[in-house]
Amino acid sequence: MAAETATGPMRVLVLGASLRADSLNAQLASLVARLVRDEAGSDVDHAHLNEFAMLLYNGDTEDAEGVPPGALALCERLSACQALVISAPEYNASMPGVLKNAIDWVSRVHPQPFKDKHALLVSASPSMVGGNRGLWALRVPLEHLGTRVYPDMFSLAKAHEGFTADGDLAHSGLHERLAELVTSFLRLVEADTRYVCLRRRWYEFPGDCTDAPVTLRAQD
Ligand code: FNR
């Protein structure tokens, strides 16, 4: 299946969301990027979170200096895509702080780029839970920002022994399942991108009707 938009192939940002050089999630992101390109025929922008350096979010820093260049770069890369795949570690049964910090900074760009994106969430961990609880936490800020997060997710348990030397999954059944997940996800993205009939409006504060400027962050 070669997924296309009205103007060409779909473009997908695949983000490995660990800063670690030998990250298992970077390995999983590499595999997903290959599946997106080779099996689904979409264009891939393969990124690693450590390409986007940024301080911890601080409203005073934002007021004084604006959104940092690393967050602006991530925002630009995301804006050029129809879909996002995040491969994220699980820290203490939740998402890593560095990833939440990046989402918080990027959400300060106007218009924020998450609101019209589809996302697929995957994780890898040496543990038996595979990082799946972290993905449930990651859904919350993404869905708040208007991202349509795909219902199915993929979590690779015992990931330290989960890859072949070629970067495939060692368990052929799991490899097949991941490939099918990526293809199904991109079919939905293609359908929504090519045959879009919904106009979505994103409200930072749903149900809030006050006129205070701080609450007026509705965006088309
Ligand atoms: C972890 N790790 C971890 N793993 C897991 O499955 N559930 C968890 O709750 C946690 N918690 C946790 C907290 C902290 C602070 C660290 C540093 C690690 C282990 C983690 O999944 C493992 O280090 C992965 O290899 C991290 O992902 P990358 O960097 O390999 O992509």
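We count ligands from 1, going down the list as the structure has it; atoms in each ligand are counted the same way.
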Which of the ligand 1 atoms, numbered from 1, are nearer than 4.0 Å to a heavy atom of Ser127: 5 (C), 6 (O)
Is any side-chain heavy atom of Val12 less than 4.5 Å from a side-chain heavy atom of Leu186? yes
Please determine if Ala124 has a nitrogen or oxygen closer than 3.5 Å to a nitrogen or oxygen of ligand 1. no
Side chain of Glu62, backbone of Val67: donor and acceptor closer than 3.5 Å? no
Supply the atom-to-atom distance Leu49 CG to Leu19 CG, rounded to the nearest 0.5 angstrom. 5.0 Å
Between Thr147 (side chain only) and Val149 (backbone N and O only), is there a donor and an acceptor less than 3.5 Å apart? no
Between Arg34 and Asp168, does at least one N-O distance fall below 4.0 Å, as a salt bridge requires? yes
Under 4.0 Å, counting heavy atoms only: does His160 come that close to any atom of ligand 1? no
Are the side chain of Trp136 and the backbone N or O of Ser94 linked by a donor-acceptor pair below 3.5 Å? no
Taking atom 11 (N) of ligand 1 as the reference point, the nearest protein heavy atom with its distance: Asn92 N, 2.8 Å
Looking only at non-hydrogen atoms, the one of Pro126, Ala29, Gly16 nearest atom 24 (C) of ligand 1 is Pro126
Looking at Ala93, Ala88, Ala157, the heavy atom closest to atom 9 (O) of ligand 1 belongs to Ala93
Closest to atom 1 (C) of ligand 1 by heavy-atom distance, out of Arg20, Met128, Glu90, is Glu90
Does ligand 1 come near enough to Tyr91 that some N or O of the ligand is less than 3.5 Å from an N or O of the residue? no
Side chain Asn25, main chain Ser123, donor-acceptor under 3.5 Å: no
Does His118 reach the side chain of Phe185, with side-chain heavy atoms less than 4.5 Å apart? yes
Part of Ser23 within contact of ligand 1 (heavy atoms, under 4.0 Å): both
Do me a favour and list the nearest non-hydrogen protein atom to atom 21 (O) of ligand 1 with residue, atom name and distance? Ser125 OG, 3.4 Å
So which heavy atom in the protein is nearest atom 25 (O) of ligand 1, and how far is it from that ligand atom? Leu24 CD1, 3.6 Å
Tested for side-chain contact (heavy atoms from CB on, under 4.5 Å) against Leu24, the lone hit among Pro89, Pro126, Ser18, Ser125 is Pro126
Working to the nearest 0.5 Å, report the span between NE2 of His160 and CD of Gln27. 12.0 Å
Atom indices of ligand 1 within 4.0 angstrom of Pro89 heavy atoms, with elements: 26 (C), 27 (O), 31 (O)
Short N/O distance, under 3.5 Å, between Asp22 and ligand 1? no
Which atoms of ligand 1 are found less than 4.0 Å from any heavy atom of Asn25? 27 (O), 28 (P), 31 (O)
By number and element, which atoms of ligand 1 are closer than 4.0 Å to a non-hydrogen atom of Val129? 6 (O)
